[in-house]
Student: 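Dropping the structure in here first, questions after.
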Amino acid sequence: MADSVTVKQLVTDTNLEVVSGEEYLTEREIVVSDISRPGLELTGYFNYYPHERIQLFGRTEISFARNMSSDERALILKRMAAEDTPAFLVSRGLPIPDEMLQAAATAHIPVLSSKLPTTRLSSLITEYLDGQLAERRSMHGVLVDIYGLGVLITGDSGVGKSETALELVQRGHRLIADDRVDVYQQDEQTVIGEAPAILSHLLEIRGIGIIDVMNLFGAGAVRENTAISLIVHLENWSPDKSFDRLGSGEQTQQIFDVPVPKITVPVKVGRNLAIIIEVAAMNFRAKSMGYDATKTFEANLNRLIQTNSGE
């Protein structure tokens, strides 16, 4: 988890325009993902002013400020320019009051601008900061994008996770992370997985060593991150172990507060794990769209039993 994000990172990653204070971008840090719309503060109410947040001015705030006198604007904006305020941000490309530029320059606060509508800009900034500031955990496994689904392959060391991922890449799917996957919760239903910077695009194959998937297979063979939709756990086959044969047993694994669907695949000599996992992803997508082959089989079985009973 990053403790903070610099305003320079925010500007670079979200394509914001720097109006003034470019020399302060690196020193100003953002520590919370919430955005402040300072409507009440413009009226002079500062009892609960969240000064540590980015201050976002939309059409409403700028229009209200225009109706104030120059002295009133200067006084209010000076109070808003707190020591830990990361930046002033104006949406829709609206004209920025001179008093804001002056107050920001005095307090060493960058003033940023965007042509996006206020609501869309707020969502963009909040989502970006949520991802950057979210708590992160590391999980042992391989994360692959299969037909747009993030599939996390887990299992004991040496069970064949990386070799399976390599074959999936050869079949046209995309690698996100090998060996170690950094995960964070984006919202109540979504967990995002990504590779640590040191392992990005790299895959370890025993007997060969480290390979660079992007250089060998092209940019289309890798992806930076993805939502984890399914966990496939590889487990060495043993005659005394029981495995689900019909697919009726539903398992989940908790990652943060999100229960992620999970299936266990037995590993045995001669089984093509890449094809099995590919089909598992396709079957999971079919279930999410309302078609369940297990229910179809059970319905066919019930009809057969009824027919035989009638005879």
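Numbering starts at 1 and runs along the sequence shown.
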Student: Can you list, by chain and residue number, the hydrophobic cluster partners of Tyr184 when the side-chain cut-off is 4.5 Å?
Tutor: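 Traced through the cluster, Tyr184 reaches Ile192.
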Student: Does Arg174 have any salt bridge (Lys or Arg N to Asp or Glu O under 4.0 Å) partners at least two apart in sequence or in another chain, and if so, which?
Tutor: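 With sequence neighbours excluded, Arg174 shows a salt bridge (Lys or Arg N to Asp or Glu O under 4.0 Å) to Asp145, given in chain and number order.
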Student: For the backbone of His233 and the side chain of Lys262, can you confirm whether one donor and one acceptor N or O come within less than 3.5 Å of each other?
Tutor: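 Looks like no, no N/O pair under 3.5 Å.
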Student: Do Arg53 side-chain atoms and Asp34 backbone N/O form a donor-acceptor pair below 3.5 Å?
Tutor: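 Pair absent, no side-chain N/O of Arg53 close to backbone of Asp34.
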Student: Keeping to residues at least two apart or across chains, list the side chain to side chain donor-acceptor pair (under 3.5 Å) pairs with something in residues 75-89.
Tutor: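 The answer is His51-Asp84.
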Student: What is the minimum heavy-atom distance between Val265 and Arg271, and which atoms define it?
Tutor: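 Looking at all heavy atoms of both residues, the closest pair is CG1-NH1, 4.0 Å.
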Student: Hey, could you give me the CG/OG distance between Leu89 and Ser36, rounded to the nearest 0.5 Å?
Tutor: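 Here the interatomic distance stands at 11.5 Å.
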Student: Rounded to the nearest 0.5 Å, how far apart are CG of Leu77 and CD of Glu72?
Tutor: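 Leu77 CG to Glu72 CD: 11.5 Å, rounded to 0.5 Å.
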Student: Could you pull out all residues at least two apart from Phe64 that satisfy ring-ring contact (aromatic ring centres under 6.0 Å, His included)?
Tutor: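 Result, ring-ring contact (aromatic ring centres under 6.0 Å, His included) vs Phe64: none returned.
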Student: Kindly determine whether Asn272 and Ile276 satisfy side-chain contact (heavy atoms from CB on, under 4.5 Å), including the steps that lead there.
Tutor: CA-CA 6 Å; Asn272 191 319; Ile276 292 172; 5.6 Å; no
Student: Is the number of heavy atoms from other residues, nucleotides or ligands within 6.0 Å of CD (Glu224) greater than 12?
Tutor: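 Not buried by this count: 12 neighbours or fewer within 6.0 Å.
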Student: Please check if Ile277 and Met282 belong to a single hydrophobic cluster, counting links between Ile, Leu, Val, Met, Phe, Trp and Tyr side chain heavy atoms closer than 4.5 Å.
Tutor: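 Yes.
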Student: Please list all pairs passing the ring pair (Phe, Tyr, Trp, His ring centres under 6.0 Å) test where one or both residues lie in residues 143-164, with sequence neighbours left out.
Tutor: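 Pairs touching residues 143-164 that pass the test: Tyr147-His173.
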Student: Report the residues that fulfil salt bridge (Lys or Arg N to Asp or Glu O under 4.0 Å) with Glu278, sequence neighbours left out, ordered by chain and then residue number.
Tutor: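 Salt bridge (Lys or Arg N to Asp or Glu O under 4.0 Å) list for Glu278, sorted by chain: Arg171.
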Student: Is there a continuous path of hydrophobic side-chain contacts, each under 4.5 Å between heavy atoms, that joins Ile125 to Leu133?
Tutor: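 Same cluster.
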Student: Which pair of heavy atoms, one from Val7 and one from Pro86, lies closest together, and at what distance?
Tutor: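 Nearest heavy atoms, Val7 then Pro86: CG2-O, 3.6 Å.
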Student: Does a side-chain heavy-atom distance below 4.5 Å link Leu121 with Ile35?
Tutor: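 A side-chain contact under 4.5 Å is absent here.
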Student: Could you list all the ring pair (Phe, Tyr, Trp, His ring centres under 6.0 Å) pairs where at least one residue sits in residues 67-89, not counting sequence neighbours?
Tutor: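 Matches after skipping sequence neighbours: Phe57-Phe88.
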Student: Run Val222 and Ile176 through side-chain contact (heavy atoms from CB on, under 4.5 Å) and show every step you take.
Tutor: CA-CA 6 Å; Val222 297; Ile176 289 94; over 6 Å; no
Student: May I have all residue pairs that pass salt bridge (charged side-chain N to carboxylate O under 4.0 Å, His left out) and include part of residues 180-209, sequence neighbours excluded?
Tutor: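 Pairs touching residues 180-209 that pass the test: Arg136-Glu194, Arg180-Asp182.
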Student: Under 4.5 Å between any side-chain heavy atoms of Ile255 and Met139, yes or no?
Tutor: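 SC-SC contact between Ile255 and Met139 confirmed.
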Student: Are Val144 and Leu216 linked, directly or through intermediate hydrophobic residues, by side-chain heavy-atom contacts shorter than 4.5 Å (ILVMFWY only)?
Tutor: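 Yes: a chain of side-chain contacts under 4.5 Å links Leu216 to Val144.
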Student: Using a 3.5 Å cut-off and no angle test, enumerate the donor-acceptor pairs between side-chain atoms of residues 12-22 and protein atoms at least two apart in sequence or in another chain.
Tutor:
residue: Thr12; atom: OG1; partner: Lys8; partner atom: O; Å: 2.9
residue: Asp13; atom: OD2; partner: Tyr128; partner atom: OH; Å: 2.5
residue: Thr14; atom: OG1; partner: Leu10; partner atom: O; Å: 2.5

Student: Going from CD1 on Ile275 to CG on Leu273, what distance comes out if it is rounded to the nearest 0.5 angstrom?
Tutor: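 Taking CD1 in Ile275 and CG in Leu273, the distance rounds to 10.0 Å.
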Student: If a pair satisfies side chain to side chain donor-acceptor pair (under 3.5 Å) and one of its residues is in residues 58-68, list it, with sequence neighbours excluded.
Tutor: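 Qualifying pairs: Arg37-Glu61.
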Student: Quick one: side chains of residues 39-46, donor-acceptor pairs under 3.5 Å with protein atoms, not counting sequence neighbours, listed by atom name and distance.
Tutor:
residue: Thr43; atom: OG1; partner: Leu40; partner atom: O; Å: 2.5

Student: Donor-acceptor check, side chain of Glu52 to backbone of Val32, threshold 3.5 angstrom: yes or no?
Tutor: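 Between the backbone of Val32 and the side chain of Glu52 there is no qualifying donor-acceptor contact (under 3.5 Å).
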Student: Is there side-chain contact between Glu99 and Met68, with at least one heavy-atom pair below 4.5 Å?
Tutor: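 Counting from C-beta outward, Glu99 and Met68 never come under 4.5 Å.
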Student: With a 6.0 Å cut-off (strictly less than), is the heavy-atom count around CD1 of Ile198, excluding the residue itself, greater than 12?
Tutor: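 Not buried by this count: 12 neighbours or fewer within 6.0 Å.
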Student: Taking all atoms of both residues into account, what is the closest heavy-atom pair of Leu112 and Ala87, and its distance?
Tutor: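 What the structure gives for the nearest pair is CD1-CB, 4.0 Å.
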Student: Do any N or O atoms from the side chain of Gln55 and from the backbone of Pro50 form a donor-acceptor pair under 3.5 angstrom?
Tutor: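 It does hold such a pair.
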Student: Please test Val90 against Met100 for side-chain contact (heavy atoms from CB on, under 4.5 Å), starting from the C-alpha separation and ending with a verdict.
Tutor: CA-CA 11 Å; Val90 179; Met100 181 184 295; 4.1 Å; yes
Student: Calculate, to the nearest 0.5 Å, the distance between atoms CG and CD1 belonging to Leu203 and Ile211 respectively.
Tutor: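 Answer for the CG-CD1 pair, Leu203 versus Ile211, is 4.5 Å.
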Student: Should Gln186 and Glu127 count as side-chain neighbours, where that means a heavy-atom distance under 4.5 Å?
Tutor: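 Answer yes - side chains close enough.
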Student: Taking all atoms of both residues into account, what is the closest heavy-atom pair of Ala280 and Leu230, and its distance?
Tutor: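 Closest heavy-atom pair between Ala280 and Leu230: O-CD2, 4.2 Å.
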Student: Quick one: do Val31 and Asp3 satisfy side-chain contact (heavy atoms from CB on, under 4.5 Å)? Show the steps, please.
Tutor: CA-CA 6 Å; Val31 296; Asp3 293 328; over 6 Å; no
Student: Any chance you could measure Asp98, atom CG, to Arg73, atom CZ, to the nearest 0.5 Å?
Tutor: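 Atom-to-atom, Asp98:CG and Arg73:CZ are 8.5 Å apart.
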Student: Could you report the tightest heavy-atom contact between Val181 and Gly141, atom names first, then the distance?
Tutor: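 The answer is CG2-O, 3.6 Å.
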Student: Does one hydrophobic cluster hold both Val142 and Phe217, with members joined at side-chain heavy-atom distances below 4.5 Å?
Tutor: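 In one cluster with Val142: Phe217, yes.
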Student: Tell me which one of Leu166, Asp178, Leu175 satisfies side-chain contact (heavy atoms from CB on, under 4.5 Å) with Val213.
Tutor: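 Testing Val213 for a side-chain contact (heavy atoms from CB on, under 4.5 Å) against Leu166, Asp178, Leu175 leaves exactly one candidate, Leu175.
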Student: To the nearest 0.5 Å, what is the distance between CD (Glu29) and OG1 (Thr6)?
Tutor: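 The OG1 atom of Thr6 is 7.5 Å from CD of Glu29, to the nearest 0.5 Å.
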Student: Between Ala81 and Ala103, which heavy-atom pair has the shortest distance, and what is it?
Tutor: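 Taking Ala81 first and Ala103 second, the nearest heavy atoms are CB-O, 3.9 Å.
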Student: When you group the ILVMFWY residues by side-chain heavy-atom contacts below 4.5 Å and let the links chain together, are Leu129 and Leu56 in the same group?
Tutor: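 Same hydrophobic cluster.
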Student: Which residue pairs pass the side chain to side chain donor-acceptor pair (under 3.5 Å) test with at least one member in residues 106-126, sequence neighbours excluded?
Tutor: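 Those involving residues 106-126 are Ser91-Thr118.
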Student: Could you check if a side-chain atom of Pro259 sits within less than 4.5 angstrom of a side-chain atom of Gln254, using non-hydrogen atoms only?
Tutor: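 Yes - at least one pair of side-chain heavy atoms lies under 4.5 Å apart.
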